[in-house]
Protein chains: 2
Amino acid sequence: MTQSLKIRTLINRIGRIDAADGWSDDLNPTQLAALGYLAQANRFSRAPSHVADFLGTTRGTMSQTLKALERKGYISELRSDADKRYTSYDLTAKGRTATRRPNPLEEALQTSDPAMTDSLEHALTTLLQTMLKANMGRAFGQCIDCVHFKTGTPKAYCDLLSVSLESKETRQICHEQKPRLVS
Amino acid sequence: MTQSLKIRTLINRIGRIDAADGWSDDLNPTQLAALGYLAQANRFSRAPSHVADFLGTTRGTMSQTLKALERKGYISELRSDADKRYTSYDLTAKGRTATRRPNPLEEALQTSDPAMTDSLEHALTTLLQTMLKANMGRAFGQCIDCVHFKTGTPKAYCDLLSVSLESKETRQICHEQKPRLVS
DNA sequence: CCTTATTAGTATCGACTCGCTACTATTGCA
DNA sequence: TGCAATAGTAGCGAGTCGATACTAATAAGG
C-alpha cells in the first residue's frame, strides 16, 4: 500500500465520517456543504454554477440542491437585474445558525497541536492547488490573496470586477480568485 | 473564518473533487470507496458491517452497495460455514483492476515534497484517531500496528483471533485492530 | 441590426445512496 | 430452553448523481 493511497483513503474516510454525523436535523452532506460555501462566498460568487464548481458537481445537481435548501428555508433566492440569467442565494437566519453547529472534526482540530494544524492546512492547500491546476479548476481563494486585489483607503478594490470591497469582503471566497504568488 | 473550519472545508472539497472525477465507467464514489476498502482489508474484515463501519454508513446502505457491486461483477459473495450469518466479499479480477485507476489526488501527491506528504499522513492519521475516539469508532489499522499482533517464525500470529498470518496479511486492514502505542 | 454562439438556470430520466424501520436467520448467553 | 444480541436484507421516501434537453438572456460577428 503506497503512501499516496493511504493519504487518499484517509481524506476520503475523514470526509465520510464527518459528513455522516454532520447530518443536522434535515440537511444531508451535500446540502450542508453547499450551505457552508454560501456562508463564506462573496456576493459575486453565490450562483448555482459557482457552488457546483466549488463542490465538483454539475449545475443541474446543484440547482436541485439549492431549490431544496430554499424550500426548507435555509437560503433565499435573489435574482439579478443587471444580468437576468444570474441567480444568487443568500443565507437566512436559519441558514446562518445551521452552519455553526459543533462537529467532531473541528473539535478534534481545536485540541490538536497548533504546529500540526498549521502544516496540515498548508499541505492540504498545496495538494488542492495541484489537483485544480491539473483539472483546470478554480481556486476559490479569498480576495485578499488574489492578483486582482488592491489595497486602498478607505476601501480595498477589485481590479477585475471594478468594485470597492468592504473590509469584511476581503476575506470572503470569490469564484474569480487567482492566487497571488504563494510561498 | 477559523483555521479548523478552513481545514474542514479543504478536506471536504478535496474529497468531493476526488470522488467527482474518480467516476470510473459505472462506479459511483461510494461503490469505489467500498471496493477500495475490500482491496485493503484482510479476510476477517470483508463483511457488509465492516465496510459500513469503515465508511461511516449503515449496514442497510452498504448491503445494497455491495449487492450493486456484485451485480456488476466487481466482487463475489462468499458465505461462511462457521457462522452462517456472516457474509464476506472478494474482489474479482475486474474489481482489482478498477482499484488501480490513476487519479489526480494520488498523482498530485506523488509529485509533492516527501517531507510534506509524511507530515500530512501523520496529521491526518492523528486527526482521524481523535475523531474516532470521540465517536467510539474503530481504527481499521494494519495488523502490524495492532496490540494483538505477535511476530513469530515462520509466521506472524494474531492473539485475538488465534490465527497465523501470511506475511502479506500483516499489512492488511483489520476491523478488530487496536493501535499499539503510537508516537 | 440581425443572426448565431455562448452562458445560466432548470426540468426530467434512471441509477443509486442515504437514514430508517421492520423482518428473518443465526448464534450466544443465562 | 428461552431470550437477547447480532448479521444481513428488503422496502420506504427524500435526495444526489451524471446525462440530456430545454428556455431565456446575453455576447459576438457580420
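Proteins get letters first, then strands, A, B, ... in listed order; numbering begins at 1 in each. As a basis for the values below, the full set of heavy atoms in this structure was taken, side chains included, without hydrogen atoms, waters or symmetry mates.
Nucleic acid contact class of A:Thr61 (heavy atoms, under 4.0 Å, all strands): base. Backbone-only engagement by B:Ala82 is indicated by non-hydrogen atom pairs under 4.0 Å involving sugar-phosphate atoms exclusively. Backbone-only engagement by A:Gln31 is indicated by non-hydrogen atom pairs under 4.0 Å involving sugar-phosphate atoms exclusively.
Using a 3.5 Å distance cut-off with no hydrogens or angles, the side chains of A:Ser167 and A:Thr170 do not pair a donor with an acceptor. At a cut-off of 3.5 Å, with distance as the only test, no side-chain donor of A:Ser88 or A:Arg46 sits close to an acceptor on the other residue. In summary, the side chains of B:Asn12 and B:Arg8 do not present any donor paired with an acceptor at a separation below 3.5 Å, with no hydrogens or angles considered. Side chains of B:Ser4 and A:Gln110: a donor on one and an acceptor on the other come within 3.5 Å. Between the side chains of B:Ser80 and B:Asp83, not a single donor N or O lies within less than 3.5 Å of an accepting N or O.
For D:dG15, the OP1/OP2 oxygens have a side-chain nitrogen or oxygen of A:Lys72 closer than 4.0 Å. Distances shorter than 4.0 Å separate none of the side-chain N or O atoms of A:Thr30 from OP1 or OP2 on D:dT16. Between C:dT21 and B:Arg59, no contact under 4.0 Å exists linking OP1 or OP2 to a side-chain N or O. Close to D:dA7, at under 4.0 Å from its OP1 or OP2, lies no side-chain N or O of B:Lys84. Within the 4.0 Å cut-off from OP1 or OP2 of D:dT6, not a single side-chain nitrogen or oxygen of B:Ser49 is found. Side-chain N/O atoms of A:Thr87 include none lying less than 4.0 angstrom from OP1 or OP2 on C:dA8. For C:dA15, neither phosphate oxygen OP1 nor OP2 lies less than 4.0 angstrom from any side-chain nitrogen or oxygen of B:Asn28.
Look at CE on B:Met62: it is 15 Å from P on D:dA10, rounded to the nearest Å. Atom CD1 in A:Ile75 sits roughly 12 Å away from atom P in C:dG9 (whole-Å rounding). Atom pair B:Asp53:CG and D:dT6:P shows a separation of 12 Å (rounding to whole Å applied). Going from atom NE2 of B:His175 over to atom P of D:dA7 covers 9 Å, rounded to whole Å. Spacing between atom CD of A:Glu176 and atom P of C:dT7 amounts to 13 Å, rounded to whole angstrom units. Rounded to whole angstrom, the span from the CG atom of A:Leu69 across to the P atom of D:dA14 amounts to 16 Å. The CD-P distance, from A:Gln64 to D:dT20, rounds to 16 Å in whole Å. Rounding to whole angstrom units, OH of residue B:Tyr89 and C1' of D:dG8 are separated by 9 Å.
Using a distance-only test at 3.5 Å, with no hydrogens or angles considered, a donor-acceptor pair links the side chain of B:His175 to the main chain of B:Phe44.
Looking at the side chain of B:Glu77, the nearest of the listed nucleotides D:dT9, C:dG19, C:dC16 is D:dT9. For B:Ala47, whose side chain is taken as the heavy atoms from C-beta onward, the closest listed nucleotide among D:dG8, C:dT10, D:dC17 is D:dG8. Checked against D:dT9, C:dT10, C:dT17, the side chain of B:Ser63 finds its nearest nucleotide in D:dT9. For B:Arg71, counting side-chain heavy atoms from C-beta on, the closest listed nucleotide (C:dC16, C:dT10, C:dT17) is C:dC16. Between D:dG8, C:dG9, D:dC17, one nucleotide has an atom nearer to the side chain of B:Tyr86 than all others, and that is D:dG8.
Nearest-nucleotide positions on DNA chain D for A:Gly56 and A:Asp83 put A:Gly56 closer to the 5' end.
One cannot find a donor-acceptor pair under 3.5 Å joining the base of D:dG8 and the side-chain atoms of B:Arg85.
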